[in-house]
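Remember, predicted model here, so these are calculated numbers, not experimental data. Index from 1, following the sequence.
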Amino acid sequence: MKQKKQKQPLSKTFKKIATNKVLYIMLVPCMIYTFIFSYYPLTGWIMAFENYKPAKGYWGSKFVGFDQFRFLFEDIEFWRSMRNTLAMSVMNLIFSFLFAIVFALLLNEIKSLPLKKITQTVSYLPHFLSWIIVCSLISKMLSTNDGAVNNVLMKLGLIKEPLLFLGDQKYFWWITTFANIWKETGWNSIIYIAAIAGIDQSLYEAAELDGAGRFRRMISITIPCIKGTVMIMVIFAVAGILNNNFDQIYVLQNSFNLERSEVIDTYIYKIGIQQLQFGMAAAVNITKSFFSLALLLLANGIVGKLSDGYGLF
């Protein structure tokens with residue numbers, strides 16, 4: 001008969017806690033911070049079920065049940081913002097991961113240590129620039145009035161007159177995607193560079209003795225060894241796929257590209273701050289949270305099945 005696993009005596013549990021009491025004490029500030037800034041604000045979700053009035057507070061506002069959600073799911077603007085959010089996030093996810101991994105692999109092949117450090121430093125710098133600054137640079141470069149991009153395209157004979165990139169909605173998704181790539185590729189590659197640094201060097205030495213070149217070592221050793229890191233990062237990225245860079249989108253957004261540039265975050269800002277519909281904004285936020293949770297569970301399940309059990313849980 002299969003023996004039942006015996007429960008650990010309570011005394012042993014307390015003994016372990018006492019042994020690691022310093023670590024538990026160090027956790028207390030983190031737990032307090034998490035409660036104050038992550039869990040306590042969830043009480044505001046009650047606004048989604050009320051016709052919330054700030055002067056009356058939670059308990060004085062009229063309870064309307066799921067009316068806010070019914071209106072939300074019938075709103076074309078909400079589904080348009082959901083489409084734009086998913087489209088831009090998926091494009092950013094695919095290209096950002098691809099460029100970050102390729103950059104980390106190529107950086108690993110640089111043998112000169114000074115050159116490697118300079119390359120890393122230069123690639124990290126854009127991450128520390130504000131999106132306001134980056135978007136201002138993008139606007140200047142894409143300007144029809146002596147913008148660098150239009151000048152180059154006209155010199156090459158690809159276009160006859162300047163294109164209004166930010167005024168044509170079909171370009172908006174690509175503009176935001178490549179802006180993210182330029183700004184974050186170096187920073188996103190840090191985790192992969194760290195993972196590559198932890199690979200046993202004897203594997204490379206053995207492969208080199210067998211006649212494997214750089215490209216072959218990269219394909220057969222480096223990529224398989226960082227597979228687990230890539231899978232975990234994919235799960236994290238999918239969990240936050242409904243979060244766009246609000247600053248980036250809001251600064252580049254205008255009335256000409258609004259149909260492609262309106263995302264969940266800007267939608268919440270407009271109905272919550274500009275229109276003062278706090279209950280509706282809370283309903284959108286709850287819907288967004290549940291969609292994100294569903295995507296996280298789905299991504300974790302798919303990654304677990306396709307990659308030998310890699311996953312968060």
Side-chain angles (χ1 to χ4, degrees), residues 7-48 57-58 85 89 92-93 96-97 100-101 104 120 124-131 180 183-198 226-248 263-265 268-269 272-273 278 281-304 307 309-313:
K7 290 184 178 180
Q8 191 175 27
L10 197 59
S11 58
K12 287 188 177 181
T13 303
F14 283 119
K15 189 175 180 180
K16 284 186 177 181
I17 292 174
T19 304
N20 301 290
K21 62 181 179 181
V22 176
L23 298 178
Y24 286 102
I25 291 172
M26 292 173 64
L27 278 174
V28 171
C30 298
M31 294 171 66
I32 294 173
Y33 178 89
T34 303
F35 175 78
I36 293 174
F37 293 100
S38 297
Y39 289 100
Y40 180 71
L42 293 180
T43 57
W45 277 11
I46 195 173
M47 289 189 294
Y58 295 151
T85 300
S89 295
N92 186 45
L93 176 67
S96 293
F97 263 91
I101 293 171
Q120 281 182 290
Y124 297 163
L125 288 177
H127 171 78
F128 298 99
L129 294 176
S130 165
W131 270 114
N180 272 293
K183 188 175 185 294
E184 302 295 345
T185 292
W187 185 259
N188 291 339
S189 67
I190 290 177
I191 188 69
Y192 304 115
I193 294 171
I196 292 171
I226 65 172
K227 180 181 178 182
T229 302
V230 173
M231 293 300 102
I232 296 299
M233 296 305 294
V234 167
I235 294 173
F236 284 138
V238 172
I241 204 169
L242 294 182
N243 294 320
N244 296 98
N245 291 313
F246 174 82
D247 296 344
Q248 176 197 19
V263 294
I264 294 294
D265 291 339
I268 292 174
Y269 171 76
I273 303 300
F278 301 108
V284 178
N285 201 25
I286 291 174
T287 305
K288 174 184 172 183
S289 298
F290 277 101
F291 272 114
S292 298
L293 178 60
L295 289 171
L296 170 62
L297 296 174
L298 179 63
N300 186 77
I302 293 174
V303 168
S307 57
Y310 286 111
L312 295 178
F313 43 85

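- Between Tyr33 and Phe37, the distance separating the two ring centers is shorter than 6.0 angstrom.
- For Tyr40, there are no ring pair (Phe, Tyr, Trp, His ring centres under 6.0 Å) partners at least two apart in sequence or on another chain.
- Smallest separation of non-hydrogen atoms from Asp247 and Trp131: CB-CB, 3.9 Å.
- Annotation: side chain to side chain contact (heavy atoms under 4.5 Å, CB included) contacts of Ile25 (sequence neighbours excluded): none.
- Phe35 pairs by the ring pair (Phe, Tyr, Trp, His ring centres under 6.0 Å) definition with nothing, not counting sequence neighbours.
- The distance from atom OG of Ser289 to atom CG of Leu42, rounded to the nearest 0.5 Å, is 8.0 Å.
- What you find for Ala195 and Thr229 is that their closest heavy atoms are CB-OG1, 3.7 Å.
- Once rounded to the nearest 0.5 Å, the distance linking CD1 of Ile302 with CG of Leu297 reads 11.0 Å.
- Pairs of residues two or more places apart, or lying in two chains, that qualify as side-chain hydrogen bond (donor to acceptor under 3.5 Å, both in side chains) and include a residue from residues 184-198 are His127-Glu184.
- Partners of Ala281 according to the side chain to side chain contact (heavy atoms under 4.5 Å, CB included) rule, which considers only residues two or more places apart in sequence or in another chain, are Ile268, Ile271.
- For Tyr269, the ring pair (Phe, Tyr, Trp, His ring centres under 6.0 Å) partners two or more places apart in sequence, or in a different chain, are Phe246, Tyr250.
- Every residue two or more places apart in sequence or in another chain was checked for a ring pair (Phe, Tyr, Trp, His ring centres under 6.0 Å) with Phe290, and none qualifies.
- For residues 285-302, the set of pairs meeting the salt bridge (charged side-chain N to carboxylate O under 4.0 Å, His left out) definition, not counting sequence neighbours, comprises Asp265-Lys288.
- Residue pairs satisfying the salt bridge (charged side-chain N to carboxylate O under 4.0 Å, His left out) criterion with at least one member in residues 187-198, sequence neighbours excluded, are absent.
- The shortest side-chain heavy-atom distance between Asn285 and Trp45 falls under the 4.5 Å cut-off.
- Under the side chain to side chain donor-acceptor pair (under 3.5 Å) criterion, Thr287 pairs with no residue, sequence neighbours left out.
- Pairing each heavy atom of Tyr124 with each of Phe128, the nearest pair is O-CD1, 3.5 Å.
- One distance of note links OG1 of Thr85 with CG of Leu242; it measures 6.5 Å at 0.5 Å rounding.
- Nearest heavy-atom pair across Ala282 and Ala48 is CB-N, 3.7 Å.
- Put simply, NZ on Lys183 and CG on Leu125 are 11.5 Å apart, with the number rounded to the nearest 0.5 Å.
- Leu129 pairs by the side chain to side chain contact (heavy atoms under 4.5 Å, CB included) definition with Val134, Trp182, not counting sequence neighbours.
- Residues passing the side chain to side chain contact (heavy atoms under 4.5 Å, CB included) test with Ile36, sequence neighbours excluded: Ile32.
- Atom CD1 of Ile101 is separated from atom CD1 of Ile193 by 12.0 Å, given to the nearest 0.5 angstrom.
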